[in-house]
Amino acid sequence: MTRIAGVPKSKAGPFVRLTYWMARRKTKQIAGRELGLEPIEIYAHAPRLLLGYGAIEQCSASKPRVEEHLRSLVVLKSAVMQGCEFCRDIGSHEARRASVTDAQILDLYRYRDSEHFDETERLALDLAVGMTVTPVQVDDELIAALRERFDDRQLVELVHMIALENLRSRFNAAFGIGAAGFSEGQACARLEGAPALAA
């Protein structure tokens, strides 16, 4: 149960009803069946925010320059560090669709020591970790190492995707939005909680 109820379709205005229809259509494409849309239904209490949030999501998905599997890995890492059940569920599903292996999903919590990640993946995941802890811990050395592998546009895209997942996960966790069944019966990354900060 979420901490507040979403806006029911019967009480939604035309824009929100259209958004629900589009979101249900999208979940059927993603998962092959209709699944929960709790984050959208809660955002519907503030239609202008829903519109803005939808625009950000649409722009973020359009014409990516970073490989999809890397985008999926950093998003999933950020989600599981924040304890968002909904994002862990859909993120694990999206990662599989982006050719992230089950071994990588299961070893995500120990990506630095796992043989299933290459150095580019580890650096991108270091960025996700550094951006997800509070306060942010991203230093010049990490950015310099990333710039050896990504151009400026790609680096902006990676940082944006991690920042966007921080928005999603924190919104969903605050309202207690749980898993929706995207990864039911399949490998799912384990929830981690943010690591303790260095003294």
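All values reported here derive from a predicted model rather than from experimental measurement. The first residue of the sequence shown is numbered 1, and numbering continues consecutively from there.
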Single-linkage hydrophobic cluster [X]~[Y], side-chain heavy atoms < 4.5 angstrom:
{"X": "V75", "Y": "Y109", "value": "no"}
{"X": "L164", "Y": "V156", "value": "no"}
{"X": "L106", "Y": "L76", "value": "no"}
{"X": "I4", "Y": "L50", "value": "yes"}
{"X": "V159", "Y": "V138", "value": "yes"}

[X] vs [Y] side-chain heavy atoms within contact, under 4.5 Å:
{"X": "F150", "Y": "L123", "result": "no"}
{"X": "F171", "Y": "I42", "result": "yes"}
{"X": "P39", "Y": "F86", "result": "yes"}

key: Test applied, side chain to side chain donor-acceptor pair (under 3.5 Å); reference residue, S183; option that passes from R96, H93, R88, E94   =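 So the option named by the test is R96.
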
To the nearest 0.5 Å, what is the distance between [atom1] ([X]) and [atom2] ([Y])?
{"X": "K9", "Y": "T19", "atom1": "NZ", "atom2": "OG1", "result": "12.0 Å"}
{"X": "M161", "Y": "N166", "atom1": "CE", "atom2": "CG", "result": "11.5 Å"}
{"X": "S92", "Y": "E184", "atom1": "OG", "atom2": "CD", "result": "13.5 Å"}
{"X": "E38", "Y": "T2", "atom1": "CD", "atom2": "OG1", "result": "6.5 Å"}

Please check this pair: side chain of [X] against backbone of [Y], looking for a donor-acceptor N/O pair closer than 3.5 Å.
{"X": "S78", "Y": "V74", "result": "no"}
{"X": "D102", "Y": "A187", "result": "no"}
{"X": "N172", "Y": "I177", "result": "no"}
{"X": "Q137", "Y": "V133", "result": "no"}

[X]: what forms a side-chain contact (heavy atoms from CB on, under 4.5 Å) with it, not counting sequence neighbours?
{"X": "R3", "value": "none"}
{"X": "D139", "value": "E141, L142"}
{"X": "V100", "value": "H69, S72, L73, A95, Q104, I105"}
{"X": "Y111", "value": "K77, F117, R122, L125, D126, V129"}

For the student: nearest non-hydrogen atoms of [X] and [Y], plus distance:
{"X": "H45", "Y": "A5", "result": "NE2-O, 2.7 Å"}
{"X": "A79", "Y": "E165", "result": "CB-OE2, 3.4 Å"}
{"X": "G181", "Y": "D89", "result": "N-OD2, 2.7 Å"}
{"X": "A189", "Y": "V80", "result": "CB-CG1, 3.7 Å"}

ask   = Among pairs that include at least one residue of residues 50-66, which meet salt bridge (charged side-chain N to carboxylate O under 4.0 Å, His left out), considering only residues two or more places apart or in two chains?
value =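 Sorted pair list: E57-R168, R65-D151.
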
Is the number of heavy atoms from other residues, nucleotides or ligands within 6.0 Å of [atom1] ([X]) greater than 12?
{"X": "Q154", "atom1": "CD", "answer": "yes"}
{"X": "D140", "atom1": "CG", "answer": "no"}
{"X": "R112", "atom1": "CZ", "answer": "yes"}

inquiry  = Would R24 and Y20 count as a cation-pi pair here, with the cationic atom under 6.0 angstrom from the ring centre and within 45° of the axis?
reply    =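 Yes, R24 sits over the ring of Y20.
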
message = Below 30° counts as parallel, above 60° as perpendicular, anything between as tilted: where do the rings of Y53 and Y43 land?
response = parallel

key: Charged N-O contact under 4.0 Å between D113 and R110   =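 No, no charged N to carboxylate O under 4.0 Å.
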
message = Check this for me: does any side-chain nitrogen of one of E157 and R71 sit under 4.0 Å from a carboxylate oxygen of the other?
response =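 R71 and E157: salt-bridged.
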
query = For D152, which residues count as a side-chain hydrogen bond (donor to acceptor under 3.5 Å, both in side chains) partner, sequence neighbours excluded?
reply =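 Once residues adjacent in sequence are excluded, the partners of D152 under the side-chain hydrogen bond (donor to acceptor under 3.5 Å, both in side chains) criterion are R147.
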
request  = Step by step, work out the side chain to side chain contact (heavy atoms under 4.5 Å, CB included) result for E119 and R149.
outcome  = CA-CA 10 Å; E119 195 54 31; R149 294 163 190 269; 3.6 Å; yes

ask   = Any side-chain donor paired with an acceptor under 3.5 Å for S60 and H160?
value = yes

ask   = After noting the C-alpha distance and the side-chain angles of S62 and Q58, does the key distance pass the side chain to side chain donor-acceptor pair (under 3.5 Å) rule?
value = CA-CA 6 Å; S62 177; Q58 196 67 26; over 6 Å; no

